[in-house]
Amino acid sequence: MLYVVIIYLWTSILLYLLLGGADFGAGIIELFTSKANKIQTRKTLYEAIGPIWEANHMWLIIAIVILFVGFPTIYSTMSVNLHIPLTIMLWGIIARGTAFTFRHYDAVKDDMQDIYNPIFAYSSFITPFFLGIIAGSAVSGHIDPEADNFMDAYIFSWLHWFSISVGLFTVAICGFLAAVFLIGEADNDHDRTRFERKAKAFNIAAVISGVLVFMSALAEGIPLIDWVFGNTVGIIAISAATLSLILLWYLFYKGKRNILRVLAGFQVTMILLTTTYRHYPNIVILKNGGYLSLIEHSGHEKAIEALAMALLIGSIFILPALFYLIYSFQKKKVDYVAE
């Protein structure tokens, strides 16, 4: 049952990165859109993320619940030592959701829209940035549970170049996913071309920030190169991601957009697999060589069994409902266009 829980944990992180990442990326795209195109961009992203924009956080909630119930030592260590970036990330989620709701569903359109719009856009950037910082900090070896002062325990555990570069990489990935997703949602060639340019720009930004991740890891003594290239799975995954990237740019050039979403999702999946496989089951790497393992630091056996059953049974109800939600809104949009 423990491995069932671990699979659900990894899958929920992946789905939050793919679906929630594309959700955040829509706001990032708006942030980097010219004033002349902002209104049309907002209209397109409303139609794209409106139906399930809040449902995406379900995957984050599932991951947190799994850690809290199944791996309490890991949960407590991360929530204490990384409480500052975690709090900022949660503030970003709340601010973003609030701004999206009020600017979209507010009965009165007034000057408050000038406040809601930047809150939505900037919090869309801040949230994945700190999500990346948290992920980078967890494997950086900077977390020191035995630190005896505030700076070492709660600041330097996450404020370093590696975590910052991972945060920038996460932002670029989110922008790339959203741009690729919005290409298929655009209803005219002008918008499709705009979003295609955005996808290319964020893809280049992801490559540049990815290089920064490797450079900062090398400077801070983090064995990222070994994690990526030191095993067969990593080499296969990174090779597949690279080949799919080449194919994606070829399809951009040919103007074929039907499978771009699949390729983008595949690339992100391969990146996550590459960076997590090598140091599995160590989900948190501590200072001075310590670690927290999903195997060694799991909760009580009965708690794991109950959690696994809850996840399996919950999937029967949650996943069909989610797929139907997406289907019904997409069908509604198609029917509306046809009319």
Side-chain angles (χ1 to χ4, degrees), residues 12-33 38-68 78-79 82-135 167 170-179 181-182 185 198 202 268 314 318-319 321-326 328-330 332-333:
S12 62
I13 293 172
L14 173 64
L15 290 175
Y16 189 65
L17 184 58
L18 290 175
L19 302 177
D23 193 345
F24 292 127
I28 295 170
I29 286 176
E30 181 179 332
L31 182 63
F32 292 99
T33 296
K38 279 189 183 293
I39 294 178
Q40 180 60 33
T41 298
R42 287 171 189 151
K43 177 178 179 296
T44 304
L45 70 88
Y46 282 152
E47 295 174 351
I49 72 174
I52 58 169
W53 69 278
E54 192 64 26
N56 289 327
H57 295 307
M58 172 183 70
W59 308 114
L60 177 62
I61 294 170
I62 290 174
I64 292 174
V65 170
I66 290 174
L67 288 175
F68 179 78
M78 293 186 66
S79 60
L82 302 178
H83 75 275
I84 293 177
L86 278 167
T87 300
I88 296 174
M89 186 191 77
L90 292 175
W91 282 345
I93 292 175
I94 294 170
R96 182 179 184 277
T98 303
F100 182 86
T101 300
F102 279 112
R103 78 172 188 169
H104 188 51
Y105 299 108
D106 200 346
V108 179
K109 304 297 182 181
D110 52 20
D111 293 340
M112 288 299 294
Q113 297 295 316
D114 295 332
I115 298 177
Y116 300 145
N117 290 333
I119 290 177
F120 174 78
Y122 284 106
S123 58
S124 295
F125 182 98
I126 290 171
T127 305
F129 177 66
F130 278 92
L131 179 63
I133 283 179
I134 293 165
T170 305
V171 169
I173 287 293
C174 291
F176 170 67
L177 286 171
F181 185 81
L182 290 172
E185 296 295 318
K198 295 289 186 185
F202 278 111
V268 174
I318 293 175
L319 295 180
L322 180 63
F323 291 140
Y324 181 74
L325 176 67
I326 297 173
S328 61
F329 274 91
Q330 289 295 321
K332 180 180 178 181
K333 179 183 175 182

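- For the atom pair CD1 (Ile13) and CD1 (Ile66), the distance works out to 8.0 Å, reported to the nearest 0.5 Å.
- The shortest side-chain heavy-atom distance between Leu15 and Ile62 does not fall under the 4.5 Å cut-off.
- When side chains are defined from C-beta on, Ile28 counts as touching Pro128, because their heavy atoms get closer than 4.5 Å.
- In this structure, CZ on Phe120 lies 14.5 Å from CZ on Phe125, to the nearest 0.5 angstrom.
- Annotation: the span from Cys174 atom SG to Leu131 atom CG amounts to 7.5 Å, rounded to 0.5 Å.
- Contact annotation: the side chain of Phe181 never approaches that of Leu177 to less than 4.5 Å [non-hydrogen atoms, C-beta and beyond].
- Between Ser124 and Phe24 the shortest heavy-atom distance is CB-O, 3.4 Å.
- The minimum heavy-atom distance between Ala22 and Ala178, with the atom names listed, is O-CB, 3.3 Å.
- What you find for Trp59 and Leu19 is that their closest heavy atoms are NE1-CD1, 3.5 Å.
- In this structure, the side chains of Ile134 and Met78 come closer than 4.5 Å at one or more pairs of heavy atoms.
- Closest of all the heavy-atom pairs between Ile119 and Ala95 is CG2-O, 3.6 Å.
- When all heavy atoms of Ala99 and Tyr116 are compared, the pair lying nearest together is CB-O, 3.4 Å.
- Here the rule is side chain to side chain contact (heavy atoms under 4.5 Å, CB included) with Ile84, and of Thr87, Leu86, Ile88 only Ile88 fits it.
- Of all heavy-atom pairs between Ser123 and Gly92, the closest is CB-O, 3.6 Å.
- With Lys198 contributing its side chain and Phe32 its backbone, the two residues share a donor-acceptor pair below 3.5 Å.
- For the atom pair CD1 (Ile126) and CZ (Arg96), the distance works out to 12.0 Å, reported to the nearest 0.5 Å.
- Once rounded to the nearest 0.5 Å, the distance linking OG1 of Thr170 with CG of Leu17 reads 7.0 Å.
- Ring planes of His57 and Tyr16: tilted class, angle from 30 to 60°.
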